Each structure stands twice: as structure tokens, then as C-alpha cells.
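Quick one: the structure is below, and I'll ask about it shortly.
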There are 2 protein chains.
Amino acid sequence: MTQRRAPTIYEVAAHAGVSIKTVSRVLNLEPNVRPKVQERVKRAVSELGYRPKTSARGLAGGRSFTLVTFLDEALTLDHWKIDRSNPYVERLQFGGMMACREAGYHLLFELLNAEAENAEAILSSTLSALNPDGVILTPPISDNQKILEILVRMGTPFARLSATETDVACLSITMDERAGANEATLHLIGLGHKRIGFIAGTPGLASSRARQDGYTDAMRASGLALDPATMLQSDYTYEGGKASGRALLSLPNPPTAIFAANDEMALGVIHVASELGVEVPRDLSVVGFDDFPASRYSQPTLTTVRQPVGDMAAEASKRLIAHAADKTSQELNAALAINHAFVVRNSTSSPKAS
Amino acid sequence: MTQRRAPTIYEVAAHAGVSIKTVSRVLNLEPNVRPKVQERVKRAVSELGYRPKTSARGLAGGRSFTLVTFLDEALTLDHWKIDRSNPYVERLQFGGMMACREAGYHLLFELLNAEAENAEAILSSTLSALNPDGVILTPPISDNQKILEILVRMGTPFARLSATETDVACLSITMDERAGANEATLHLIGLGHKRIGFIAGTPGLASSRARQDGYTDAMRASGLALDPATMLQSDYTYEGGKASGRALLSLPNPPTAIFAANDEMALGVIHVASELGVEVPRDLSVVGFDDFPASRYSQPTLTTVRQPVGDMAAEASKRLIAHAADKTSQELNAALAINHAFVVRNSTSSPKAS
DNA sequence: CTGAAAGCGCTTACAG
DNA sequence: CTGAAAGCGCTTACAG
């Protein structure tokens with residue numbers, strides 16, 4: 001069996017009776033090729049099963065047809081070590097991949113420790129090795145000024161996902177987390193709840209702050225008291241949620257509803273409620289945030305705010321790719337908020353008449 | 001602010017006072033460079049922050065430092081559409097990525113419809129565009145003869161994950177699913193169960209067959225009857241698990257334990273049991289397979305067989321990379337079974353004395 | 001509308 | 001142990 005070597009542009013050109021430059025034109029959808037010639041080239045391409053080699057295109061043209069997503073190293077390794085599912089990465093991967101494949105692009109993932117002393121050297125070395133047409137920054141890297149500067153200096157187009165400080169003129173893609181949290185809280189208030197506990201996420205993370213702001217917005221707007229005793233600081237983990245849930249339910253006058261800043265903590269609250277004989281949603285309503293996959297398998301299933309990470313990654317990819325194809329486009333100077341959804345499942349209901 | 005262009009091998013050579021070939025030697029760990037010269041080159045490399053460009057290396061040397069993983073298109077899109085978490089892909093991604101990054105490699109994901117008429121054209125065109133140093137095949141693609149032949153013909157090294165028919169001399173990486181299922185069933189038998197129901201996965205999938213075989217092995221070896229009434233065919237989905245669970249629990253003489261061929265179905269069984277007032281594990285023991293992330297958040301948490309997908313991907317990557325570095329190695333002629341684990345959680349216990 | 005030439009930044013094969 | 005030359009397969013910039 002002979003090993004079939006992949007055809008080159010020279011073979012296509014010979015087959016079609018034109019120069020390689022004309023083949024290149026057809027492949028890259030450049031103008032100024034007669035329809036008939038175009039037709040001949042296309043036939044040659046498909047008869048030979050030709051596909052331009054990515055590395056040759058990259059070397060000659062400076063376009064690598066590659067986008068790289070930077071993930072926070074510590075966060076990612078932590079998730080991986082305890083083998084907790086990280087739906088964030090998964091949605092990123094699929095949303096980005098689907099947008100990329102339509103355009104013949106590829107999505108690469110890199111771990112980056114933005115706090116390391118040599119972060120700058122590592123980043124620029126990665127960029128010069130891969131020469132990506134664009135970079136997608138995930139939190140908390142998307143708010144790291146040092147990283148942003150390096151990218152600007154190297155001239156690499158980038159998109160920031162869920163960034164909070166969007167001063168620079170660049171592409172920033174978010175969902176309105178504050179609005180989502182506001183909606184979640186109003187849902188509980190609408191059901192008739194008045195004592196609504198809140199469990200915050202990891203201190204310092206922008207998402208936790210935004211979700212807390214949304215909660216307080218809704219409480220204030222509805223004229224409900226913000227009781228510090230029912231607002232607990234936690235850490236976005238299942239165990240943290242259990243601890244905070246236990247604390248909240250042990251209060252002399254416990255809340256009738258709890259809004260946790262992410263699903264993992266909300267699931268912990270549901271678990272601890274069941275241990276304490278508190279029935280959800282009859283005795284306690286629970287709302288989460290993220291639409292974590294496990295939230296569909298919990299008992300009861302969890303009412304939550306759906307973070308459109310896949311759509312965010314797809315939008316980032318599309319704009320980065322459009323920019324690579326046409327540098328004059330303004331695709332990269334925008335702050336977009338992708339629509340989120342509020343998903344009502346079975347963990348919320350009106351409070352017991354008492 | 002001037003845009004810093006990435007340095008080339010010429011600049012490093014000039015800086016170190018040697019030829020570019022010597023720089024290349026040091027970079028590729030080739031022999032025959034004096035220690036002093038080596039030292040000088042290394043210093044120049046780090047002072048200039050030099051990293052060879054992947055596309056130039058790929059074009060000149062025929063090594064792309066890239067591995068591509070092919071995912072079944074329909075399966076993946078289905079999971080994505082309903083936004084079910086697919087821990088398989090996630091573990092693949094991380095296990096592979098960690099192994100790749102140590103070696104300066106990158107992992108790409110591609111969707112492939114192996115049943116399409118033009119599957120061959122698509123595959124070979126993808127391969128000639130990317131020119132990967134190796135390919136990782138996931139099920140059911142890893143058992144697709146047509147695809148295997150194309151890979152052999154194109155001379156692309158590949159690893160098959162969870163393949164069942166391992167006739168060809170190639171790299172095949174599995175876990176012993178039959179042994180895992182056997183272990184799960186013996187666990188239930190060891191607890192004292194005698195009527196143990198089984199819920200099979202999607203018909204035709206090799207994994208479902210292997211898991212069923214493991215179940216029947218254990219039942220037979222223990223002298224227990226295989227009752228067709230308690231062995232149901234399902235489809236690996238949560239809804240399928242609920243339906244089968246309901247059917248089994250409605251039997252005149254229902255089983256005291258159920259082994260479902262994956263976690264998603266097992267979670268469905270737990271859910272339906274709770275609806276029917278059957279308490280798990282007091283009235284019914286449930287075992288799953290895969291160690292799906294949601295299995296840690298269920299009530300009760302699920303006893304299951306852990307499929308070491310991350311380790312499998314890591315092993316595949318390492319061997320493919322080793323082979324790319326040294327074609328004479330025998331890394332690619334092996335059938336490996338990666339160790340799995342049996343994870344006992346809270347969904348199993350001894351049957352009620354009756 | 002089309003093509004000949006040069007060059008992207010490396011590695012290969014060869015010479016010394 | 002080291003280097004000069006050629007070439008990988010494309011795109012760019014230019015000429016006609």
C-alpha cells in the first residue's frame with residue numbers, strides 16, 4: 001500500500017493549467033479571477049482533495065488560523081485535581097469550537113499563571129510560537145492589566161470574557177451578572193419571600209461582587225431589609241454552600257429563601273436542608289447561578305441563572321476571526337452583553353403561610 | 001509604543017555568534033555541540049525571549065507539534081444541544097492537554113461524522129491541512145475500520161481509545177469495562193443482594209455490551225439466576241434510566257438492587273425511586289458507571305465505576321509524542337488497559353432483612 | 001485578469 | 001563539532 005502524500009498547490013495549479021497564484025486567489029476568495037478559470041481551479045482542488053497546509057499559510061501569510069484561549073492555571077488545575085466538572089471550560093470549548101470550525105479556524109487552550117514573575121515571558125513566548133490570530137481571555141486573566149498590556153504591545157487582537165473594568169478600547173464580552181442576580185432575587189420576592197438569605201462566592205472575584213450587588217439592588221428596590229445576619233461570605237464550593245446553608249438554617253429566625261451566588265453552593269444548601277429535615281421548596285426556596293449541569297439532576301432540580309458562556313465564546317471567536325480577515329473592521333472595539341436566561345425549575349415556590 | 005516583533009533564529013544566531021544550524025541543534029537537543037557553545041546559545045535564546053515558530057518548524061521539519069482528537073460529530077452535537085455535561089470530553093481535554101504541554105505539544109479537537117459518504121475526503125483533508133504528529137480516536141470512531149484504514153494509508157500515527165476490536169497492530173488504550181462491571185455487580189452481591197436488575201445502554205455500542213457481559217459474568221459466577229425480566233434495554237439517557245427504573249420497580253417481585261450501565265441512567269433510577277417512595281439505599285441499592293460529575297451531588301451520592309478517561313488520553317498523548325520524536329520506538333504497538341477505580345458512595349447498602 | 005519572483009523561519013541533507 | 005545551501009508550501013508585493 002503506497003502512502004498517499006498530500007497534494008500541494010503546485011499540483012493543483014498544473015492540474016488546472018494555471019499558476020499557483022491563481023489557485024491561491026480562488027482559495028482565498030480574492031477578486032479578479034474569471035468565472036471559468038475559477039471553476040477549473042475548484043474542480044482541480046476537489047479532484048485532488050487539496051487543502052492548503054496550515055503551517056505554510058501561517059509562515060507565508062502571517063495568519064495561523066488559530067485562536068488561543070487562556071485559562072487561569074491555578075483555577076483550572078484545582079478543578080482538575082478534585083475532578084469537579086468545570087462546565088465553564090466545556091461550554092467555552094464547544095461554543096468557541098463551533099464558531100471556529102465554520103471559518104476553518106482552530107481553538108487552542110493554554111494554562112497561564114498571570115501572577116507568576118515570568119508571566120510576561122511565558123505569554124510572549126507562547127504568542128510568538130503559536131502566532132495566533134486572536135486570543136480569548138477568561139476571568140480572572142481578563143482583568144489582569146499586565147497581561148492586557150503585553151497583548152497590546154505585541155499587537156495580538158484579543159477578547160476579554162466577563163471582564164469588569166472595561167476602560168480600554170477593546171473587545172469585551174460579558175453577561176450582565178448583576179441583572180441576572182437581580183432577576184433571581186426578584187423571582188423570590190415575587191413568590192412572596194421577605195427574608196431572603198444570600199451566600200456570596202470567593203471574596204475578591206468580580207463575579208461574586210456583581211451577584212451580590214444584584215441581590216442588594218432587588219432587596220432595596222422592593223423595600224426589604226438587608227439583614228447582615230442572612231448575608232454570608234463563602235467560596236463558591238459545594239462544602240462552602242453546605243456550611244453557609246447550615247448556618248442560615250440554624251438562625252433563630254431563618255430565611256424562607258436562599259440565593260447562592262453559584263449552583264455548586266446552592267446544591268450544598270439543598271443537601272444540608274435535606275439533612276436538617278427542611279424540605280425544598282416547601283420549607284425553603286433555593287436559587288443558584290450558572291446553570292451547572294448537575295443542577296438538572298438534583299432533587300429538586302435547581303432554579304438558576306444561566307450564564308451563556310458558550311455564546312460568549314462563539315461571539316468572541318467570530319469577531320476575532322472577522323478582524324483577522326479584515327483588519328479595518330471595527331469588530332474589536334465593542335463591549336457586548338450576551339443575553340442570559342433565568343431558568344425556573346423545582347427548587348422555588350411561595351413560602352408556607354405562617 | 002513600538003510593537004515588538006518576535007525574534008527569529010537568525011537574530012539568536014547573530015547574538016550568540018554561531019550559525020542558525022547550531023541554534024537549531026541546541027533547540028532540538030541534537031548532539032555534537034560543545035558545552036560552551038551550547039551555553040552561549042541558551043543565553044542568547046533566553047535574553048531574546050526566543051521561541052521557534054510552530055508554523056516554520058512544521059513546514060520545514062514535517063512535525064507540527066500538534067495532536068488531534070476526533071470526536072463523533074452526532075454524539076457531541078447532541079450533548080451540546082441539550083447542554084448535558086459531557087465529562088468524557090472534558091477529561092479527555094485535560095488529560096491530553098496536561099501531557100501535551102509538558103512536551104510543548106498542542107491538542108486540537110475535531111468533530112467527525114464517520115458515517116458520512118465523504119468521511120474519507122473530510123478526514124484526509126483535515127489531516128493534510130493540519131499535518132498532526134498523531135491522532136486520538138474516540139469511540140465509536142475508534143472502531144471504524146474505514147477510518148483506521150485511511151489513517152494507515154496516510155501514515156498518520158494514531159491511538160484508539162476504548163476500542164473493542166483490537167486486531168490491527170496499533171496503539172489501543174482501554175479500561176477493562178467488563179471487569180469494572182463485574183466488580184460493580186460483585187459489590188452488590190457481596191452486600192447480600194440476589195435479585196439485581198440491569199439497565200443496558202444504547203444498543204450496538206461496545207461499551208454497553210462489555211458492561212452487560214461483566215454483569216452476567218458476576219451473576220453466573222455467583223450462581224445467581226439471570227432473569228430476563230430484570231434486564232432492560234435502554235439508551236444511556238437520564239430519561240431512559242427513569243423509564244427503566246420505573247419498569248423494574250413496578251415488577252411483581254422487584255429487584256433489591258439495580259446496576260445501570262452508566263451514571264446518567266443510574267441517576268434517573270434514583271430519581272424515579274424517590275418519586276415512588278422507594279428509599280435509596282434502604283429499599284434499593286443503585287450502582288452506575290463512569291463517575292459522572294453529577295454523581296457527587298445526587299442524593300444519595302452514587303456508587304459507581306470510575307472510567308479513567310483523563311489518564312487514557314494522557315497515555316495516548318505521551319506515546320504519540322514519543323513516537324513523533326523517535327520513529328523507531330515501539331510505543332505505538334501496544335494494547336494497554338488503564339486502571340479504573342470502583343467508587344463506593346452512599347447509594348448502596350445491604351438489602352432489608354425480609 | 002494573470003503570473004514570475006521573492007521570502008516567511010525553520011529543518012533536512014550534505015560537506016568539511 | 002560546525003556551517004552553507006536548499007527547500008518545505010504557501011502568500012506578499014510587484015509587474016504586466
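Chain naming here is simple, since letters A, B, ... match the order of the sequence lines and numbering starts at 1 in each. Owing to the predicted nature of the structure, the values given are computational and were not obtained by experimental measurement.
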field: Residues which pass side chain to side chain donor-acceptor pair (under 3.5 Å) with A:E110, listed by chain and number, not counting sequence neighbours
entry: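 Checked A:E110 against side chain to side chain donor-acceptor pair (under 3.5 Å); matches are B:H106.
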Comparing nearest nucleotides in DNA chain D, the 5'-proximal residue of the pair B:S19, B:L59 is B:S19
For nucleotides 11-16 of chain D, 5' to 3', base contacts (B), sugar-phosphate-only contacts (S) and non-contacts (-) with protein non-hydrogen atoms under 4.0 Å give BBB---
* Asked: For DNA chain C, what are the stems built from at least three Watson-Crick or G-U pairs in a row, each pair having both distances below 3.5 Å?
  ->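 Counting only runs of 3 or more consecutive pairs, the stems involving DNA chain C are C:1-3 with D:14-16, C:5-12 with D:5-12, C:14-16 with D:1-3.
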Any salt bridge between B:R153 and B:E120, counting N to O under 4.0 Å?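 Here B:R153 pairs with B:E120 in a salt bridge, since their nearest N and O are under 4.0 Å apart.
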Fill in: Below 4.0 Å: OP1/OP2 of C:dG3 and any side-chain N or O of A:T22
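Looking at the OP1 and OP2 atoms of C:dG3, one of them is under 4.0 Å from a side-chain N or O of A:T22.
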Sequence neighbours excluded, the answer for ring-ring contact (aromatic ring centres under 6.0 Å, His included) partners of A:F70 is none
Any residue meeting ring-ring contact (aromatic ring centres under 6.0 Å, His included) with B:F65, in chain and number order, not counting sequence neighbours
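For B:F65, the residues satisfying ring-ring contact (aromatic ring centres under 6.0 Å, His included) (neighbours in sequence not counted) are B:Y105.
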Discussion item. Let's see if you get this right: which residues in residues 36-48 of chain A place a heavy atom under 4.0 Å from DNA chain D?
Written reply: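 Here the set is empty: none.
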Residue set satisfying side chain to side chain donor-acceptor pair (under 3.5 Å) with B:E47, at least two apart, ordered chain then number -> B:H15
With sequence neighbours left out, the residues meeting side chain to side chain donor-acceptor pair (under 3.5 Å) with B:N113 are none
Side chain of B:N32, heavy atoms from C-beta onward: which of C:dA4, D:dC1, D:dC10 has the nearest atom to it?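 Nearest to the side chain of B:N32 among the choices is D:dC1.
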Please list all pairs meeting side-chain hydrogen bond (donor to acceptor under 3.5 Å, both in side chains) that have one or both residues in residues 48-61 of chain A, counting only residues at least two apart or in different chains.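 The answer is A:N28-A:R57, A:R51-B:S125.
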For residues 316-323 of chain B, tabulate all N or O donor-acceptor pairs below 3.5 Å that involve a side-chain atom, not counting sequence neighbours.
{"unit_1": "B:S317", "atom_1": "OG", "unit_2": "B:A313", "atom_2": "O", "d": "2.8"}
{"unit_1": "B:R319", "atom_1": "NE", "unit_2": "B:E315", "atom_2": "OE2", "d": "3.0"}
{"unit_1": "B:R319", "atom_1": "NH1", "unit_2": "B:E331", "atom_2": "O", "d": "3.2"}

Sorted by chain and residue number, the side chain to side chain donor-acceptor pair (under 3.5 Å) partners of B:T76 (sequence neighbours excluded) come out as none
Check your understanding: Does A:K53 place a side-chain N or O at less than 4.0 Å from the phosphate oxygens OP1/OP2 of D:dC10?
Key -> yes
- Item | Pairs meeting criterion ring pair (Phe, Tyr, Trp, His ring centres under 6.0 Å) with involvement of residues 115-135 of chain A, two or more places apart |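 As it turns out, there is no ring pair (Phe, Tyr, Trp, His ring centres under 6.0 Å) pair with a partner in residues 115-135 of chain A once direct neighbours are skipped.
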